[in-house]
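In what follows, every chain begins at residue 1, and chains take the letters A, B, ... in the order their sequences are listed.
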Protein chains: 2
Amino acid sequence: MSPSSATGAGSPAGPGPVASADTGRVTGRSLAKASRRAALLSAAAKLFAERGFNGVSIEDLGSAAGVSGPAVYRHFSSKHAVLSALLTGVSQDLLDGGQAVVENSPGPEEALRGLIEFQVDFALRNPDVIRVHDRDLDSLPPEDSQAVRALQRAYVEVWVAVLSRVLPGQEPARLRVRAHAAFGLINSTPHITHRGKPVRDKIWRRNLLEQMAWAALKAE
Amino acid sequence: MSPSSATGAGSPAGPGPVASADTGRVTGRSLAKASRRAALLSAAAKLFAERGFNGVSIEDLGSAAGVSGPAVYRHFSSKHAVLSALLTGVSQDLLDGGQAVVENSPGPEEALRGLIEFQVDFALRNPDVIRVHDRDLDSLPPEDSQAVRALQRAYVEVWVAVLSRVLPGQEPARLRVRAHAAFGLINSTPHITHRGKPVRDKIWRRNLLEQMAWAALKAE
DNA sequence: AATTCAGGTTAGTGCGCATTAACCGAATTG
DNA sequence: CAATTCGGTTAATGCGCACTAACCTGAATT
């Protein structure tokens, strides 16, 4: 439910997870702060997914995390910064995870399988974040959204690199369309999910999506 | 570029395209009015796609259609009504088109092929509307969005009915996931499209998406 | 123990923007 | 050729909401 990493980007550049601002000490306060931050991001994922970025007020956000209103500004410099942190975190996780999958795979076919499984797993586990990402990325001020887009592009290129070894001789542009199509296919389930209820983890759904993605990517 | 039908829903229930409100006469004014309305819907599709429903003001909308500000209220009862008309129109078009395709097909395989081609064609021609539909459907007040969702569901059921003849014996729930996945795949291209520029109609793109969709739907 | 500081709180404040009011001139109508 | 209706205009109006101010309290630091 909660985004796994989602560090950085709250204050200008967080020195590391869980540490007091000036001294590097790990105090009781810094722990509390970190968990507040996490709670805020988690609430944000849920609320933004349900009602959209503009449908959620700072007050909503705060009280969903147990504090109320402007306390949010002790953790994020603006409402946009919350969204930014959320999307940056998730994009980074995807990129890291994708790279790890490829590195640990003996060959391109296995890598592609691994990427598919990874993406399906991610989409089924975090439908909220997927939805927010699809819908509200453009709500960010350009400079913020560029960072997210850069991560996104890098992730796509991970896929394209693998695809170019599985389907040698295909133009990169074609491969990029293939990758995007696969994302669209795999990420389609959040649209079925009815308003925020966690998708019950039917295994057949996971398998079906994997089969379809594989078939689509290898088509022709 | 402009949505094809998109009648109805402006005033409570438009009696028919292009006719003076009270008398059924086709006067010069009613023509002008109809074209204003069309211009507004077209502008709305473009602007909403670029900036999102909440990123577009009534003023923006009006001036993009050559009139300014509150004149919009002479054609739509509210900003939401504009979005509603847009999405209702497009959903109706899809449903009608899908049903027509199925009716004119000799058998299930041809019907499925036809549906795929129809959807790909639509997605490549109207990326704006696809994007608005994906992103801003939840910005509507519940009673409006239900109408759109109903049309959407009906369209999905057209696909499911065809799929159940192509893949006999599969549970409807599985087929529904397949249909949604196919939509996700096919509708993925608007996400590549860079900010409103019309997608140059590369044929290979169309063919590739059709191949992938077909492969995905028949997978396993 | 005295001091600092960080995270909360509750009141503003100000702006953007949807919607409404009041008014106009030209097409439609009888 | 009056009377009317309609689509347009510009000027309020009012609300929702992001953000700021001022203040409070208790943990961290010394």
Short heteroatom pairs, N/O only, protein and nucleotides 16-18 of chain C, under 3.5 Å:
from, atom 1, to, atom 2, distance (Å)
C:dA18, OP1, B:Val56, O, 3.4
C:dA18, OP1, B:Lys79, NZ, 2.8
C:dA18, OP2, B:Ile58, N, 2.7

Between protein and nucleotides 11-13 of chain D, what N or O pairs are separated by less than 3.5 Å?
none

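- Contact annotation: A:His80 side-chain N/O to D:dA18 OP1/OP2 distance is not under 4.0 Å.
- The line from CG of B:Leu208 to CE of B:Met212 is 6.0 Å long, rounded to the nearest 0.5 Å.
- Note: B:Phe118 and B:Tyr155 have perpendicular aromatic rings, judged against thresholds of 30 and 60 degrees for the angle between ring planes.
- No salt bridge links B:Asp136 with B:Arg51; every basic N to acidic carboxylate O contact stays at or beyond 4.0 Å.
- The side chain of A:Arg29 contributes no N or O atom lying less than 4.0 Å from OP1 or OP2 of D:dG26.
- Atom P of nucleotide C:dT28 and atom NZ of B:Lys33 are separated by 14 Å, given to the nearest angstrom.
- Listed nucleotides: C:dG8, D:dC6, D:dG8. Nearest to the side chain of B:His75: D:dG8.
- Judged purely by atom type and a 3.5 angstrom limit, A:Asp60 uses its side chain to pair as donor or acceptor with the backbone of A:Ser57.
- Judged by distance alone, with hydrogens and angles left aside, the side-chain atoms of A:Ser84 form no donor-acceptor pair with the main-chain N or O of A:His80 at under 3.5 Å.
- Atoms CZ (A:Arg74) and C1' (D:dT20) sit 10 Å apart, rounded to a whole Å.
- Exactly one of B:Val158, B:Leu115, B:Val162 qualifies for a side-chain contact (heavy atoms from CB on, under 4.5 Å) with B:Val101. That residue is B:Leu115.
- Using modelled atom types, one side-chain atom of A:Ser30 and one backbone atom of A:Thr27 make a donor-acceptor pair closer than 3.5 Å.
- To the nearest angstrom, C1' of C:dG7 lies 14 Å from CZ of A:Phe76.
- Note that CZ of B:Arg131 and OG1 of B:Thr189 are 11.5 Å apart. Values are rounded to the nearest 0.5 Å.
- We find that CG of A:Asp60 is positioned 8 Å from P of D:dA18, with the value rounded to whole Å.
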